[in-house]
Q: 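Right, I'll just put the structure down here and ask away after.
Throughout, protein chains are lettered first and strands after them, A, B, ... in sequence-line order, and every chain is numbered starting at 1.
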2 protein chains.
Amino acid sequence: MIKKVDDSKNKLSLSELIDTTGFVEHVSVDCIIFGFNKNELKVLLLKYHELERWSVPGGFVFKNESLDDAAARTLYERTHLENLFLQQFYTFGDVERTDQNNPHRELLKSRNISVDANHWIYQRFISTAYFALIDFTISHTFPDTFNETCAWFSVDELPKMAFDHDVVIKKGLDFLRKNLDYNIVGSNLLPEKFTMKELQTLYETILDEKFRRNNFQRKILSLNILQRLEKLYTGSANKAPYLYKFLNK
Amino acid sequence: MIKKVDDSKNKLSLSELIDTTGFVEHVSVDCIIFGFNKNELKVLLLKYHELERWSVPGGFVFKNESLDDAAARTLYERTHLENLFLQQFYTFGDVERTDQNNPHRELLKSRNISVDANHWIYQRFISTAYFALIDFTISHTFPDTFNETCAWFSVDELPKMAFDHDVVIKKGLDFLRKNLDYNIVGSNLLPEKFTMKELQTLYETILDEKFRRNNFQRKILSLNILQRLEKLYTGSANKAPYLYKFLNK
DNA sequence: GCAAAAGTGTTTTGTGTACACCCATGA
DNA sequence: TCATGGGTGTACACAAAACACTTTTGC
């Protein structure tokens, strides 16, 4: 049914990927990686070299592996990122969801892997989606000589996406907005030390609304989740802002 | 592998249930049915006659069926309830979740259905959970001569549950509380016409806290989601309360 | 001294809560 | 006319929003 090819330079080869002995068929996990940089909320997307469509990192679930573990594992395998804040937010299970923009066929063909036409890899996936939050400033350490390309995209300027991943991202962003937690979002998307203005811009970006400088500061400080540190002198001709860190970090 | 038995009195026989030709293996849906009656939030649970454990209605997913449709279908098959408000809230995927209190073995044995020991029905299920909200006052129309017993239980006095269904119910209740929508909860859990006091008791029950009569009324009315109807004369020696209905009904 | 940006103080507005009072109902 | 429970009005506390002013920084 499956003709294996030499694909050993990859951490997890595609022929292994579709070998069903260990995987739960028709089930996958997807991870949206959110990062924040200069007024923009970004997502980290992957693209196989030979394809024109981008996708969020994800993969299959082993039969003896929990969904949460599968999310963390596939995230690591495809980005080398570890110990991220990961949270499940929705499971996508429409019948047509993998019909559109399904890159599996061309991907397997271009690699000379022949798979039976009615193999489950061509059928509908029930996909449980997670989102991860990471500090954008350490993101350039990603391995970009993987078997795929990775790049950051602004959430409102997504490229051509595989499957229904544009819908997945939209829903993930909705979830992030509705369940906004000052502590979790701030402490995972910002570097360890940050100014009040950076924190404010982060929340303004995610929620897509503006706050008053002074009222925002008062509200955040009243939550008692920040520790005030030294001042940050940038050389500009104005009062130097304090740096802060989250108490739980 | 599977020895069929005559089970034709059931809508969906167990032998069909474990016949894997049409189902996605290792995947299921579960539905928590919430009902409200006299200061108590209840869940509708099912029990096979020969078993000691109760479970929420649920079932398997056809390969050409969406998760949402599967939830609605299994709910109908096992309770004959249709067109309910149904919402997905979480997908449970821990490896040990179906090890504990798994009734499949004894159920199949008692019905003389022999299934291979390593059949997927004995393995871990990835289960997407939904909750439904229904008007308790029409609930007595359920068929109770099904192939199982069904009964209402208070959410804080659950019987011995199959699998991890107690955890599923707890998480569903949490979701309901955190995402409380006055419109959705009220218009699905109450009869068409209701008094302000009934509405208040509903919210007090779900949120497990008390409100002031007058302040609650003001707050609800300010949302402009209710239509005031005629008064309700009960024969008691006090001012008759207005009846209300939701505008979206 | 000046502009720019940060920090803090004060006033106003709005919402939630507590208390009080009046009204309808049937015995 | 009385007890009971429903409806409405008002006062207060607190938080959010709006506005104003002061402080720091480098030129």
Side-chain angles (χ1 to χ4, degrees), chain A residues 36-39 177-183 185-186 190-247, chain B residues 38-39 177-183 185-186 190-247:
Chain A
F36 174 68
N37 183 246
K38 296 191 203 304
N39 298 20
R177 283 182 176 151
K178 280 185 188 147
N179 299 275
L180 192 73
D181 181 300
Y182 283 95
N183 213 323
V185 169
L190 290 177
E192 197 191 346
K193 297 178 178 183
F194 51 88
T195 64
M196 191 58 77
K197 190 185 182 73
E198 288 173 319
L199 185 63
Q200 180 175 346
T201 310
L202 169 62
Y203 284 105
E204 289 181 339
T205 302
I206 292 180
L207 295 175
D208 198 24
E209 58 178 311
K210 292 286 179 189
F211 304 107
R212 310 236 161 189
R213 187 174 56 85
N214 44 3
N215 293 336
F216 179 82
Q217 166 140 326
R218 207 191 333 267
K219 184 173 177 179
I220 291 287
L221 290 181
S222 74
L223 296 175
N224 293 318
I225 54 176
L226 295 185
Q227 182 184 345
R228 181 175 278 186
L229 306 170
E230 72 278 8
K231 289 188 171 188
L232 171 69
Y233 293 89
T234 59
S236 64
N238 53 38
K239 192 170 177 177
Y242 287 105
L243 285 170
Y244 294 89
K245 61 174 277 192
F246 279 90
L247 285 172
Chain B
K38 295 190 203 305
N39 300 18
R177 282 182 177 151
K178 281 186 187 146
N179 299 274
L180 192 74
D181 181 299
Y182 283 96
N183 214 323
V185 169
L190 290 177
E192 196 190 346
K193 297 177 178 183
F194 50 88
T195 64
M196 190 58 77
K197 190 186 182 74
E198 288 173 319
L199 186 61
Q200 180 176 347
T201 310
L202 170 62
Y203 285 105
E204 289 181 339
T205 303
I206 292 180
L207 295 175
D208 198 25
E209 58 179 313
K210 292 287 179 188
F211 304 107
R212 310 240 157 187
R213 188 173 57 86
N214 45 2
N215 295 335
F216 180 82
Q217 166 138 326
R218 211 193 327 269
K219 182 174 178 179
I220 291 288
L221 290 181
S222 73
L223 296 176
N224 293 318
I225 54 176
L226 294 185
Q227 182 184 348
R228 181 175 278 186
L229 305 171
E230 72 278 6
K231 289 189 171 186
L232 171 69
Y233 293 90
T234 59
S236 63
N238 53 39
K239 192 170 177 177
Y242 287 106
L243 284 170
Y244 294 90
K245 60 174 279 191
F246 279 91
L247 285 171

Q: So which of R218(A), R212(A), K219(A) actually passes side chain to side chain donor-acceptor pair (under 3.5 Å) with N215(A)?
A: R218(A)
Q: Would one find a side-chain N or O of R212(B) under 4.0 angstrom from OP1 or OP2 of dA18(C)?
A: yes
Q: Calculate, to the nearest 0.5 Å, the distance between atoms CG and CG belonging to L207(B) and L180(B) respectively.
A: 5.0 Å
Q: Just how far, in rounded Å, is C1' of dG7(D) from CD1 of I220(B)?
A: 16 Å
Q: Does dT8(D) have its OP1 or OP2 closer than 4.0 Å to a side-chain nitrogen or oxygen of Q217(B)?
A: yes
Q: Checking all strands, does S222(A) fall into the base, sugar-phosphate, or nothing category for heavy-atom contacts under 4.0 angstrom?
A: nothing
Q: Calculate, to the nearest 0.5 Å, the distance between atoms OG1 and CZ belonging to T201(B) and F216(B) respectively.
A: 8.5 Å
Q: From the options dA4(C), dA16(D), dG9(D), select the nucleotide whose nearest atom is closest to the side chain of N238(A).
A: dA4(C)
Q: Is it true that a side-chain atom of E198(B) and a backbone atom of T195(B) form a donor plus acceptor pair closer than 3.5 Å?
A: yes
Q: Any side-chain N or O of Y233(B) less than 4.0 Å from the OP1 or OP2 oxygen of dT25(C)?
A: yes
Q: Could you state the atom-to-atom distance from CG of L243(A) to C1' of dA6(C) in whole Å?
A: 13 Å
Q: Would you mind reading off the distance between E198(A) atom CD and dA5(C) atom P, rounded to a whole angstrom?
A: 15 Å
Q: If you find the nucleotide of DNA chain D closest to M196(B) and the one closest to N214(A), which residue's nucleotide is nearer the 5' end?
A: M196(B)
Q: Taking atom C1' of dT8(D) as reference, at what distance in whole Å does atom CZ of F216(B) sit?
A: 17 Å
Q: Between P on dA5(C) and OH on Y242(A), what's the gap in Å once rounded to a whole number?
A: 19 Å
Q: Roughly, in whole Å, what's the span from CD in E209(B) to C1' in dT17(C)?
A: 13 Å
Q: Name the nucleic acid region contacted by S236(B), choosing base, sugar-phosphate or nothing; use a 4.0 angstrom heavy-atom cut-off, strictly under.
A: sugar-phosphate
Q: Among dT8(D), dG6(D), dT24(D), which nucleotide sits nearest the side chain of K231(A)?
A: dT24(D)
Q: Please state how far atom CD in E230(B) lies from atom P in dG7(D), giving the value in whole angstrom units.
A: 13 Å
Q: Please report, rounded to the nearest Å, how far the C1' atom of dA16(D) is from the CG atom of N215(A).
A: 7 Å
Q: Using the closest heavy atom to pick a nucleotide of DNA chain D for each, name whichever of K239(B) or A240(A) lands nearer the 5' end.
A: K239(B)
Q: As an exercise, state the distance from CG of L199(A) to OH of Y182(A), rounded to the nearest 0.5 Å.
A: 9.0 Å
Q: Taking only the side-chain heavy atoms of R218(B) (C-beta and beyond), determine which of dT10(C), dA18(C), dG6(D) contains the nearest atom.
A: dA18(C)
Q: Identify which nucleotide among dG6(D), dT8(C), dC19(C) has an atom closest to any side-chain atom of R213(A), counting heavy atoms from C-beta outward.
A: dT8(C)
